[in-house]
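The structure appears right after this line, and notes come after that.
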Amino acid sequence: MDSKDPYSRYSDEKLVKQIVADNDTMLFGKLYDRYAQMVYNKCYGFAKSEDEAEDLTQDVFLQLFIKLRTFKGKSKFSTWLYSFTYNFCVNYVNRNKQRKIQDNSVQVENSEYKLTQEVSDESLFEMKTDKLKKAMELIAVEDKSILLLKYQDGASIKELVDLMEIGESAVKMRLKRAKERLLEIYKTLE
């Protein structure tokens with residue numbers, strides 16, 4: 001920590017409270033420094049390129065500055081920002097009509113889709129990276145989001161319940177269906 005910086009010892013929550021009270025962009029820069037890499041990494045999971053991820057990161061922080069006062073401190077700031085970033089990215093991808101058309105071009109209904117089939121975590125871990133990356137680009141953004149949270153970021157079911165603000169059984173069902181759809185698309189790829 002920088003001993004010359006009086007804000008380096010501030011908790012995230014205290015820093016947010018000070019930024020909101022003073023509308024201070026310099027303090028917001030401190031928050032940016034703390035979380036820019038985490039936000040970029042999350043955005044990169046939704047972007048097609050590093051440039052797009054950087055643009056998304058900037059957009060997230062612009063919206064964050066506007067919405068910062070909506071943070072009520074009911075969860076850790078990092079958890080709230082995590083959720084904020086994911087929601088922003090999901091909305092961004094949904095707005096991108098070109099991606100929607102691309103997503104709709106997948107012929108899932110032609111394959112043998114079985115809703116009751118249980119997809120184990122081990123079957124996901126055995127997938128080939130390039131093919132898996134391609135399949136991740138083709139599934140719905142909501143499916144991609146929950147899979148990235150669970151398997152890339154290591155979020156627990158409890159954390160997913162908090163982030164998504166839905167019940168535990170709904171999280172498990174969404175996770176199960178996302179894995180099934182991912183596996184189904186993965187099987188259609190060469």
Side-chain angles (χ1 to χ4, degrees), residues 12 16 25 28-68 70-71 75-108 119 121 124-156 159-160 162-166 171 174-190:
D12 293 338
V16 166
T25 54
F28 188 73
K30 305 274 181 218
L31 203 59
Y32 179 88
D33 291 344
R34 289 183 185 179
Y35 288 102
Q37 189 63 48
M38 186 273 290
V39 169
Y40 173 82
N41 289 341
K42 299 306 152 234
C43 291
Y44 189 73
F46 290 91
K48 296 278 188 194
S49 67
E50 290 179 5
D51 287 342
E52 187 179 14
E54 288 174 9
D55 289 346
L56 265 173
T57 302
Q58 294 301 316
D59 291 346
V60 165
F61 276 100
L62 283 172
Q63 279 299 308
L64 180 65
F65 188 74
I66 295 166
K67 303 276 185 181
L68 200 54
T70 64
F71 173 67
S75 62
K76 285 175 48 181
F77 176 75
S78 58
T79 303
W80 184 82
L81 178 58
Y82 206 82
S83 178
F84 184 88
T85 302
Y86 266 95
N87 289 333
F88 186 90
C89 289
V90 167
N91 289 337
Y92 169 79
V93 172
N94 281 336
R95 281 193 309 263
N96 188 333
K97 291 181 180 178
Q98 199 170 19
R99 285 192 176 175
K100 279 186 173 181
I101 291 167
Q102 186 179 8
D103 287 348
N104 289 339
S105 68
V106 177
Q107 300 296 320
V108 175
V119 179
D121 289 349
L124 292 180
F125 298 142
E126 292 170 1
M127 292 179 169
K128 293 182 179 170
T129 308
D130 291 344
K131 201 171 163 183
L132 177 59
K133 192 173 180 179
K134 195 181 276 186
M136 289 290 283
E137 294 301 320
L138 297 173
I139 62 174
V141 68
E142 292 82 7
D143 292 339
K144 182 178 178 179
S145 176
I146 195 167
L147 290 172
L148 288 175
L149 281 166
K150 175 73 176 151
Y151 297 104
Q152 183 185 51
D153 303 329
S156 67
E159 289 168 326
L160 290 173
D162 293 342
L163 286 171
M164 301 175 81
E165 297 177 349
I166 57 176
V171 166
R174 286 187 189 186
L175 197 56
K176 177 181 181 289
R177 289 180 178 158
K179 288 194 298 185
E180 290 169 351
R181 286 190 277 265
L182 177 66
L183 185 62
E184 198 58 45
I185 290 172
Y186 181 85
K187 286 178 180 175
T188 65
L189 299 174
E190 292 290 317

Evaluate the side-chain proximity of [Y] to [X]: yes if any heavy-atom separation is below 4.5 Å, no if none is.
{"X": "Leu189", "Y": "Leu138", "answer": "yes"}
{"X": "Leu68", "Y": "Phe28", "answer": "yes"}
{"X": "Lys144", "Y": "Val93", "answer": "no"}
{"X": "Asp12", "Y": "Leu81", "answer": "no"}
{"X": "Val90", "Y": "Glu142", "answer": "yes"}
{"X": "Glu159", "Y": "Leu149", "answer": "no"}

Tell me which donor-acceptor pairs under 3.5 Å the side chains of residues 56-66 have, and how far apart each pair is, sequence neighbours excluded?
unit_1: Thr57; atom_1: OG1; unit_2: Ala53; atom_2: O; d: 2.7
unit_1: Gln58; atom_1: NE2; unit_2: Tyr32; atom_2: OH; d: 3.2

Inspect the contact between Glu137 and Lys133 and indicate whether a charged nitrogen and a carboxylate oxygen are less than 4.0 angstrom apart. no
Distance in Å, Leu175 CG paired with Asp143 CG, rounded so as to fall on 0.5 Å steps: 9.5 Å
With sequence neighbours left out, what residues match Asp51 under side chain to side chain contact (heavy atoms under 4.5 Å, CB included)?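 Here the qualifying residues are Ser49, Glu54.
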For the residue pair Glu180 and Lys176, what are the closest heavy atoms and their distance?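 Closest approach of Glu180 to Lys176, heavy atoms only: OE2-NZ, 2.8 Å.
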If you take all heavy atoms of Ala178 and Ile146, which pair is closest and at what distance? CB-CG2, 3.8 Å
Could you tell me which residues satisfy side chain to side chain donor-acceptor pair (under 3.5 Å) with Tyr82, sequence neighbours excluded, listed by chain and number?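 In terms of side chain to side chain donor-acceptor pair (under 3.5 Å), with neighbours along the sequence ignored, Tyr82 is linked to Asp153.
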Please confirm whether Lys131 makes a cation-pi placement over Tyr186, using NZ or CZ under 6.0 Å from the six-membered ring centre and within 45° of the ring normal.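 Judged by the rule (NZ or CZ under 6.0 Å from the ring centre, within 45° of its axis), Lys131 counts as positioned above Tyr186.
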Selection residues 77-87 - residue pairs positive for salt bridge (Lys or Arg N to Asp or Glu O under 4.0 Å), sequence neighbours left out: none
Residues that Phe71 engages under ring-ring contact (aromatic ring centres under 6.0 Å, His included), provided they are two or more places apart: Phe77, Trp80
Please enumerate all residues that pass salt bridge (Lys or Arg N to Asp or Glu O under 4.0 Å) together with Lys150, with sequence neighbours excluded. none
